[in-house]
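Reviewing the structure listed below.
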Amino acid sequence: MRLSRYFLPVLKENPAEAQIVSHRYMLRAGMIKQQAAGIYSWLPLGYRVLKRIEDIVHQEQVRAGHIPLLMPTLQPADLWRESGRYDDYGQEMLRITDRQKREMLYGPTNEEMITDIFRSHVNSYKDLPLTLYHIQWKFRDEMRPRFGVMRGREFLMKDGYNFDIDRDAALHAYNRHMVSYLRSYERMGLTAIPMRAASGPIGGDNTHEFLVLAQTGESEVFYDDRVTALKLGQRDIDYDDRTQVAKVCEEFTTLYARTDETHDAGVFDTIPEEHRKVGRGIEVGQIFYFGTKYSESMGALVVNDKGERVPVEMGSHGIGVSRLLGAIIEASHDEKGIIWPEGVTPFPVGIVNLKQGDSACDAACAGIYKALAAKGLEALYDDRDERAGAKFATMDLIGLPWRITAGPRGLANGVVEVTSRRTGESEEMSVEAAVDRIAQIYAAH
RNA sequence: CGGAGCGUAGCGCAGCCUGGUAGCGCACCUGCUUCGGGAGCAGGGGGUCGGAGGUUCGAAUCCUCUCGCUCCGACCA
């Protein structure tokens, strides 16, 4: 993409309403525009990152054997009357009446609807296990939306639902979700710690929240800091192998890590003092096992191998997709702007032409752009007629992890610069070597 | 939902107390000079002062109502 033809409305000054760094940078980098309290338009740059995160979530869910579908944002109230949550959910649920006076609601989550789909089509244990998920906009009419996309009223969420014949199979689904989530967050450059949590309105007895450590987090967290060193890495996981999946979960949940809701000071104090940490975290996902709570109330029954009709075992599992943008920025930025991890960056690399209109510079940049494209990498080429300082400031603000800089001085010696946004370190090399370097970096992502 | 604020140009703000028909910086447009970390000079365009009503010869300014947004708290993915 040529920047001169793109739509990237960056702001030099900080918008007054933005209190935390991720919100400020998202506004300044032209990623979002607020339309109402807690409701945002996603401008091209923000939309690209949102899509990257969505892609990672999809890939990892499919890898775990889960099946994507898409349910609507608007739901009939009757479905929620069956589960009893139409009255329980309260003011947070946005209720809508259509022209025929039918009662509708903008879905805050989809347990009822997915259970309805399931009961309409599945009758036998032979069709289990089944895990369905979608990534769809949700609406929760928060009392007080704030912090930009971190706590919007409308937000994009991945929510998945498992259907299993018994408790063991359902707990395996729970574990599968935990592992697939850990893998998703790692690919986004995040360390998200699974913490034992309280269940809230979804219900159920087994639940973990995933928290990204950040000063601006809304939850107080207590943990053994050795959990932050745990990495899933590239290990090969067979999601059908209950023992292997359970072992990974055990590895990531044995060390103490809890939110204030489940914190136990007595247990916490047994951690060696040098590892005992209290901090704040941003919740970016939660998994629940809730058994037959919805299947019983909504009549989602299957016939088991003994010919008995039994309520199906369920769990639900969510990732806050739009919130993740905020969380990633909170975890990865400096005083100049955002620093995107390679896994989610809107563009893999930026090209800065230091002297637009200079034939050598223009030709070099165009060549780099084409060579990167040939390797499947879409660069953001700053071909505006701006001074070097302005171009650098823009690149730093929007946070592309790598930058190739081409100017007359270097080109006279046959070199361009490759700069890491994270370290600020630059290295001079030929155009060919620069393209290869970037391609090599992204081959791993 | 309790408490506190703020709505004046795309963004950040001044003007309001003490009424006289709107200003600054950034951004934008034109020209010249500049050109490796948000350039300089000169010129220019853009605002029913959130909305409605009222007081007044006259309202951004005073009064009433209303809408929107933000912050603190409680609540929550």
Side-chain angles (χ1 to χ4, degrees), chain A residues 9-20 23-24 27-28 30 33-39 43 89-93 107-110 137-159 181 192 195 197-202 207-212 217-219 259-261 281-288 316-324 326-327 335-337 352-358 361 382 384-398 403 405-412 415-417 419 424 426 428:
Chain A
V10 299
L11 304 174
K12 225 171 184 177
E13 290 171 284
N14 280 322
E17 75 270 17
Q19 297 298 305
I20 61 169
H23 191 195
R24 273 206 303 276
L27 291 167
R28 285 197 49 205
K33 169 166 169 42
Q34 183 172 332
Q35 304 291 168
I39 299 176
L43 305 184
Y89 221 93
Q91 295 276 92
E92 243 182 54
M93 181 187 279
T109 177
N110 287 61
W137 292 95
K138 303 294 188 293
F139 196 94
R140 294 186 191 173
D141 198 358
E142 293 286 338
M143 208 88 80
R144 190 179 162 210
R146 65 188 119 168
F147 303 150
V149 300
M150 297 262 284
R151 194 172 173 69
R153 291 193 294 168
E154 187 185 51
F155 58 98
L156 190 61
M157 181 167 103
K158 172 265 161 181
D159 45 322
Y181 279 23
M195 299 195 181
S199 66
I202 309 277
T207 175
H208 280 85
E209 288 181 338
F210 294 79
L211 286 108
V212 173
E218 288 195 271
S219 314
T259 64
D260 50 1
E261 294 171 318
I282 301 165
E283 194 198 317
V284 293
Q286 186 160 9
I287 54 178
F288 301 88
S316 70
H317 318 277
I319 291 183
V321 173
S322 49
R323 172 182 281 188
L324 272 164
E335 70 290 343
K336 292 178 188 167
V352 170
N353 184 344
L354 287 177
K355 194 165 186 180
Q356 204 64 44
D358 176 271
C361 290
D382 191 346
R384 297 172 303 165
D385 188 18
E386 288 286 347
R387 299 161 64 88
K391 292 189 176 188
F392 290 140
T394 299
M395 282 293 174
D396 289 344
L397 174 64
I398 69 173
R403 187 181 82 207
T405 309
R409 210 165 67 197
L411 287 175
V415 297
V416 293
E417 255 170 48
T419 306
S426 289
E428 293 193 331

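Reminder, nothing fancy here: chain letters follow the sequence lines and each chain counts from 1.
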Please classify the nucleic acid contact of [X] as base, sugar-phosphate, or nothing, using heavy-atom distances under 4.0 Å.
X        : value
A:Gln91  : nothing
A:Gly38  : nothing
A:Gly320 : nothing
A:Ala393 : base
A:Gly285 : nothing
A:Arg384 : nothing

Considering residues at least two apart in sequence or located in another chain, which fulfil the side-chain contact (heavy atoms from CB on, under 4.5 Å) criterion with [X]?
X        : value
A:Glu92  : A:Tyr89, A:Arg140, A:Glu142
A:Lys336 : A:Asp334, A:Asp396, A:Arg421
A:Glu428 : A:Val415, A:Glu417
A:Pro9   : A:Phe7, A:Leu43

With [atom1] as the reference atom in both, quote the distance from [N] to [M] in angstrom, rounded to an integer.
N      : M      : atom1 : answer
B:rC57 : B:rG12 : C1'   : 37 Å
B:rA14 : B:rC72 : C1'   : 27 Å
B:rA60 : B:rC17 : P     : 12 Å
B:rA39 : B:rA52 : C1'   : 47 Å
B:rG23 : B:rG36 : P     : 37 Å
B:rG3  : B:rC16 : P     : 30 Å

In whole angstrom, give the distance that lies between atom [atom1] of [X] and atom [atom2] of [N].
X        : N      : atom1 : atom2 : value
A:Gln19  : B:rG73 : CD    : P     : 11 Å
A:Arg144 : B:rC75 : CZ    : C1'   : 11 Å
A:Glu283 : B:rC75 : CD    : P     : 16 Å
A:Ile39  : B:rG68 : CD1   : P     : 12 Å
A:Met150 : B:rA77 : CE    : C1'   : 11 Å

Taking side chain to side chain donor-acceptor pair (under 3.5 Å) as the definition, give me every residue that meets it alongside [X], ordered by chain and number, with sequence neighbours left out.
X        : answer
A:Asp382 : A:Arg384
A:Lys355 : none
A:Glu335 : none
A:Ser426 : A:Thr419

For [N], which nucleotide is its Watson-Crick or G-U wobble mate, given both distances must be under 3.5 Å?
N      : result
B:rA4  : B:rU70
B:rC65 : B:rG51
B:rA14 : none
B:rG37 : none
B:rC76 : none
B:rC28 : B:rG44

Drop me the distance from A:Glu261's CD to A:Met195's CE, to the nearest 0.5 angstrom.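 Between atom CD of A:Glu261 and atom CE of A:Met195 there are 12.0 Å.
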Which value, rounded to the nearest 0.5 Å, describes the distance between A:Thr405 atom OG1 and A:Arg403 atom CZ?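 Going from the OG1 atom of A:Thr405 to the CZ atom of A:Arg403 covers 4.0 Å.
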Looking at A:Tyr181 and A:Gly318, what are the two nearest heavy atoms and their distance?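 Residues A:Tyr181 and A:Gly318, closest heavy atoms: OH-N, 3.2 Å.
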Pair A:Leu354, A:Cys361 - check side-chain contact (heavy atoms from CB on, under 4.5 Å), show working. CA-CA 7 Å; A:Leu354 287 177; A:Cys361 290; 5.6 Å; no
- Item | Contacts of A:Arg153 that satisfy salt bridge (Lys or Arg N to Asp or Glu O under 4.0 Å) - sequence neighbours left out |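 Checked A:Arg153 against salt bridge (Lys or Arg N to Asp or Glu O under 4.0 Å); matches are A:Asp141.
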Letter by letter from the 5' end, nucleotides 6-14 of chain B scores (B base, S sugar-phosphate only, - none; protein heavy atoms under 4.0 Å) -----BSS-
| field | Donor-acceptor pair (no angle test) under 3.5 Å: A:Arg28 side chain, B:rG38 base | value |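 Checked by distance alone, the answer is yes.
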Taking only the side-chain nitrogens and oxygens of A:Lys12, find out if one of them lies under 4.0 Å from OP1 or OP2 of B:rA27.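 So the side-chain polar atoms of A:Lys12 do come within 4.0 Å of the phosphate oxygens OP1 or OP2 of B:rA27, strictly under.
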Just the atom pairs and distances: protein N or O near nucleotides 28-30 of chain B's N or O, under 3.5 Å.
none

Review item, nucleotides 31-34 of chain B N/O atoms under 3.5 Å of protein N/O:
| unit_1 | atom_1 | unit_2 | atom_2 | d |
| --- | --- | --- | --- | --- |
| B:rU34 | O2 | A:Arg387 | NH1 | 2.7 |

- Upstream residue (5' side of RNA chain B) when A:Val149 and A:Glu417 are each assigned their closest nucleotide: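 The residue mapped nearer the 5' terminus is A:Glu417.
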